[in-house]
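Okay, so here's the structure we're looking at.
Just so it is clear: chains get the letters A, B, ... in the order the sequence lines come, proteins before strands, and each one is counted from 1.
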There are 2 protein chains.
Amino acid sequence: MDAVFKALADESRRKLLDQLHRSNGQTLGELCAHLDMTRQAVTKHLLLLEAANLVAVVWRGRKKLHYLNPVPIHEISERWIGKYERLHLQALGDLKKGLEQHKTNDEN
Amino acid sequence: MDAVFKALADESRRKLLDQLHRSNGQTLGELCAHLDMTRQAVTKHLLLLEAANLVAVVWRGRKKLHYLNPVPIHEISERWIGKYERLHLQALGDLKKGLEQHKTNDEN
DNA sequence: TTGACATGCAACCTTTAGGTTGCCTATTAT
DNA sequence: ATAATAGGCAACCTAAAGGTTGCATGTCAA
C-alpha cells in the first residue's frame, strides 16, 4: 500500500493517471505529449505506477500501451480513507447535534 | 491538495495520523513514544501534517496538543478518488454483465 | 533493406526528504 | 529559586527522488 501512496504523491504521476482516465490504453509517446519533461522522465514515472500496480502495460509491436487499474485506489479508499471518512461524518453529525441543542437550549 | 498527498506518502506520518485516530489531542512527547526516531524528526513530520491541514495544534502551557482534521482526506476522497472509484465499480459492473451474458449466451 | 519511429538502458546531476546532534527557551513542580 | 519537563531552532549528513543526456535496440513502412 505504501507504493500506492508514494505513487500518488507526485503531481506528474497523478496527471498521467488522469490522462489515462480520459483515454485508456495510450502509448508512452502519447502520454509524453501532455507533460513538460523528457520521455525518459515519463518512463520512470510510469515504471513507478506499474510497480504500484496502478497501471498495466501491453506491448503491441513497438508500441507500449498503458492501461489504468483502479483497484489499488479502491483498496486504499476501503482500508484507509474509509476510517477517516467515518470520523469526518461523525464530526459533522456532532456539529449538527450541537446546533440542534443550541436551538432548544440557549444557555449552552 | 498536493500537500495532502505528499503528507500521506510517508509511513511515519500515516502512523501519526493513526495514532491520533486512536486517541486525539496527544502531545508531541506522547506521539514520539510510538515512533522509533528522535523528537525532532517527529516534529518535522507533524509540521508537514499541519501544513497539509491534516493536524491542528493547540498549546496548553508548555504542552502542544495535536488534533486530527479529517476534512482534507474527505476532500481528496471526493474530488479525486471518487472518480477512479466510479471507474472501478463500472469495471466490476461490466464484468458482471459479461458473466451474465455467458450464462445466457455460451458462444462468447 | 534501409530509414524512420517507439522505446530501453545507463550514467550522471541537483534538489529534496528524512533523520541526527547540540544547544536554547519556556513552563511547571518542588 | 531551582531543577525537571516539554518543546523549538539551526546546522549538518545521507539517501532517494526527479530530471537530463547520449547511445543502443527492436519494429514498421517505403
Side-chain angles (χ1 to χ4, degrees), chain A residues 1-20 22-69 72 76, chain B residues 1-20 22-69 72 76:
Chain A
M1 197 158 75
D2 189 61
V4 181
F5 274 114
K6 289 250 168 73
L8 296 180
D10 186 87
E11 169 76 23
S12 304
R13 287 193 287 270
R14 292 198 301 273
K15 277 188 183 164
L16 285 170
L17 292 181
D18 280 343
Q19 202 51 44
L20 289 179
R22 282 197 200 84
S23 162
N24 214 2
Q26 295 186 63
T27 67
L28 172 58
E30 287 166 338
L31 289 170
C32 281
H34 305 283
L35 288 181
D36 189 23
M37 61 182 73
T38 61
R39 176 174 52 83
Q40 286 75 2
V42 176
T43 297
K44 286 194 189 175
H45 284 306
L46 288 170
L47 285 177
L48 266 179
L49 291 171
E50 289 174 46
N53 201 28
L54 283 161
V55 163
V57 153
V58 174
W59 277 92
R60 208 152 127 190
R62 62 181 161 178
K63 289 187 180 172
K64 191 188 189 187
L65 306 181
H66 298 80
Y67 292 91
L68 194 58
N69 179 20
I76 276 195
Chain B
M1 198 158 74
D2 189 60
V4 182
F5 274 114
K6 288 249 168 73
L8 295 181
D10 185 85
E11 169 75 24
S12 303
R13 287 193 288 270
R14 293 198 300 273
K15 276 187 184 166
L16 285 170
L17 293 181
D18 280 342
Q19 201 52 44
L20 290 178
R22 282 195 202 86
S23 163
N24 214 1
Q26 294 185 64
T27 66
L28 173 56
E30 287 166 338
L31 290 170
C32 282
H34 306 283
L35 288 181
D36 189 23
M37 62 181 72
T38 61
R39 176 174 52 85
Q40 285 76 2
V42 176
T43 297
K44 285 193 190 177
H45 284 307
L46 287 170
L47 285 176
L48 267 179
L49 291 171
E50 289 174 47
N53 201 29
L54 283 161
V55 163
V57 153
V58 174
W59 276 93
R60 207 151 126 192
R62 62 181 162 179
K63 290 187 178 171
K64 191 189 189 187
L65 306 180
H66 298 80
Y67 292 91
L68 195 58
N69 178 20
I76 276 193

Donor-acceptor pair present, [X] side chain and [N] base, under 3.5 Å:
X: B:K63; N: D:dG7; answer: no
X: A:R39; N: C:dG8; answer: yes
X: A:Q40; N: D:dG22; answer: yes
X: B:R62; N: D:dT5; answer: yes

Inset, instruction - Just call it for B:L48: base, sugar-phosphate, or nothing, with non-hydrogen atoms closer than 4.0 Å on any strand. - result: sugar-phosphate

Inset, instruction - Give one of base, sugar-phosphate or nothing for A:R60, where a contact means two heavy atoms less than 4.0 Å apart. - result: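 The answer is nothing, as A:R60 stays clear of every strand by at least 4.0 Å.
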
Legend entry - Candidate nucleotides D:dG8, C:dG19, C:dA11, ranked by approach to the side chain of B:T43 - the nearest: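 The nucleotide sitting nearest to the side chain is D:dG8.
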
Inset, instruction - State which of C:dG18, C:dT7, C:dT20 makes the closest approach to the side chain of A:K64. - result: C:dT7

Taking [atom1] from [X] and [atom2] from [N], how many angstroms apart are they, rounded to a whole number?
X: A:E30; N: C:dT7; atom1: CD; atom2: C1'; value: 14 Å
X: A:K6; N: C:dT16; atom1: NZ; atom2: P; value: 18 Å
X: B:H45; N: C:dG19; atom1: NE2; atom2: C1'; value: 8 Å

Inset, instruction - Give DNA chain D the dot-bracket treatment, 5' to 3': Watson-Crick (N1-N3 with N6-O4 or O6-N4) or G-U (N1-O2, O6-N3) under 3.5 Å, [ ] crossing, | other strand. - result: ||||||||||||||||||||||||||||||

Inset, instruction - Would you mind reporting whether B:V4 and B:N53 have side-chain heavy atoms less than 4.5 Å apart? - result: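 No, side chains not in contact.
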
Inset, instruction - Evaluate the side-chain proximity of B:L47 to B:E50: yes if any heavy-atom separation is below 4.5 Å, no if none is. - result: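 They are in side-chain contact.
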
Inset, instruction - Kindly check if the number of other-residue, nucleotide or ligand heavy atoms within 6.0 Å of NZ (B:K63) is above 12? - result: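 Result for NZ/B:K63: open.
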
Legend entry - With B:D2 via salt bridge (Lys or Arg N to Asp or Glu O under 4.0 Å) - residues at least two apart: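 Listed in chain order: A:R14, B:K6.
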
Legend entry - Result of checking B:L28, B:D36, B:L35 against B:C32 for side chain to side chain contact (heavy atoms under 4.5 Å, CB included): B:L28

